[in-house]
Amino acid sequence: MRVTLKDSICRKAANDVLADLRVEAPDEIDLETLAWIGGRRLSIVEGRLEGAEGRLVANKSGGIIRIRQKTTPIGRKRFTIAHEIGHRELHGVGAYYDTLRDLRTWTRGSKEIEANIFASELLMPERLFRPLISRKPPSLQFIDELAAEFRTSNQAAAIRFVETTSEPCAFVVFRRGQYEWSRKSQCFEFFIHDGSLHKYTGVADILAGKPFIPGPARTPAGAWLEGQDPEGRATIMEDTRHLSEFDEVVALLWVDELLD
Amino acid sequence: MTTNEAAQAWDDLMNFLAYEEDLSDEDVLHTLNQLGVDTESFMTRIGDTIRKGIQANRRKQAAEERAKEESKLSEIRQRVIRFPIEAVRQLARDAEHGKFGVVGQELAIACRNKQDTEPTEEELRALAEDILIITEERDTVHEGNSQR
């Protein structure tokens, strides 16, 4: 079985790449230059790739990052490029072929998640990201703003947000109507129901095709969290969105009042 | 700080730096503060200017190197465009069998295994290009040209 790299190793590798360009602000994260300098010599080519989001082929002297032309918006393109740089830095020379699934999967134990963690740190270095996340209360709208500021994908920004925030938050992904995975902030001490989806959740409303008002809303804590009564008075905040392009429904949960 | 005060502080700084070469760093900072220089923001500003200068140089150098590289990559692209499609398919098969080295083999196999649909002609040509670039150009032209 392959030994996986620790998150801290992936993040350090990304910061080493940023140090090559003395990056100190989000708008200085110039991927074309970062892919080239530091001996990487990776050229970025766009187009003539349909079956994947991106691929890397590299030897010791350099290589090619090819990304799918139809990949939009810019944040997703940049995340793909950063992911490929991550393969080069973490896993060495060789060929890597990355589908949308590879780039949207955050379950542990693969080279793909290591490259995703690297990409997350490269595009949203903690020292630049952390000072900004307390500007507003958690919401998917705020996460969209952070994604735009750091020119990365919304999903990557959501994960970075829950990893970094001091609020008890979780980001939950349902794919094709089924629970897929979740990420929790350090202080989110609850277990999320991952088997059956409770009818009181916003996600259930979306999946049932019910009318749905976007934005944060109160949901009974027990609808999401183990050990809580769905009929009880305790509530948490839920902000849910349907991503039809990926056949996903995502939810940002946060606990804003004391729960038993 | 008004413009006049800033100009005066600047003049004081220049005079001071011109004549006080033997002071310790601590003494320099102390004296500059007394002369009305906000040393902290001054040092931050200087550091930022230097950092941005380094960034600009690296960007420029990288852009020049990439431009040179691009002309070589373009030559390979033109060559692959002229290949009959059957020759492109054969190149991909040869790559799978290791004719273009381990990396070329890995790429050809990864493309075959991870792609759900049959590759288009354009995709096959892009694959051939990347295989040739990685095996021909990079091995011969840039060996030992690393900045790290």
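The analysis underlying the following values was restricted to heavy atoms, covering all of them including side chains, and did not include hydrogens, waters or symmetry mates. Chain naming here is simple, since letters A, B, ... match the order of the sequence lines and numbering starts at 1 in each.
Counting heavy atoms from C-beta outward, B:Thr120 and A:Arg48 have side chains that stay 4.5 Å or more apart. The side-chain heavy atoms of A:Arg55 and B:Asp130, taken from C-beta on, include a pair separated by under 4.5 Å. Residues B:Ile134 and A:Ile64 fail the side-chain proximity criterion, which asks for heavy atoms closer than 4.5 Å.
Across every non-hydrogen atom of A:Val23 and B:Arg51, the tightest pair is C-NH1, 4.2 Å. Of all heavy-atom pairs between A:Ala95 and B:Glu106, the closest is N-OE1, 2.9 Å. For A:Ser43 against B:Leu73, the heavy-atom pair with the smallest separation is OG-CD1, 4.1 Å. Minimum interatomic distance between B:Glu129 and A:Arg66 (heavy atoms only, all atoms of both residues): OE1-NH2, 3.4 Å.
The neighbour count for A:Arg127 CZ, taken as heavy atoms of other residues, nucleotides or ligands under 6.0 Å away, is above 12. More than 12 heavy-atom neighbours from other residues, nucleotides or ligands sit within 6.0 angstrom of CD on B:Gln34. By the neighbour-count criterion of 12 heavy atoms within 6.0 Å, atom NZ of B:Lys99 is sparsely surrounded, having that number or fewer from other residues, nucleotides or ligands. For B:Glu86, the CD atom sits in a packed shell: over 12 heavy atoms of surrounding residues, nucleotides or ligands are nearer than 6.0 Å. Within 6.0 Å of CZ on B:Arg93 lie more than 12 heavy atoms contributed by other residues, nucleotides or ligands.
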Please determine whether side-chain contact (heavy atoms from CB on, under 4.5 Å) holds for the pair A:Glu28 and B:Lys52, giving the CA-CA distance in whole Å, both sets of side-chain angles, and the decisive distance to 0.1 Å. CA-CA 9 Å; A:Glu28 293 173 2; B:Lys52 286 188 174 168; 3.7 Å; yes

Please assess A:Asp102 against B:Lys114 for the test side-chain contact (heavy atoms from CB on, under 4.5 Å), listing each intermediate value before the final yes or no.
CA-CA 11 Å; A:Asp102 293 326; B:Lys114 288 191 81 174; 2.6 Å; yes

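When each of B:Glu65, B:Arg58, B:Gln61, B:Arg59 is tested with A:Trp36 by the rule side chain to side chain contact (heavy atoms under 4.5 Å, CB included), just one qualifies, namely B:Glu65.
Distance check: B:Arg66 CZ to A:Leu42 CG gives 11.0 Å after rounding to the nearest 0.5 Å.
Using a 4.5 Å cut-off between heavy atoms, B:Leu107 contacts chain A through both its backbone and its side chain. Residue contact with chain A, scored on non-hydrogen atoms closer than 4.5 Å, is absent for B:Ile109.
Between the side chain of B:Glu123 and the backbone N or O of A:Glu50, at least one donor-acceptor pair lies under 3.5 Å.
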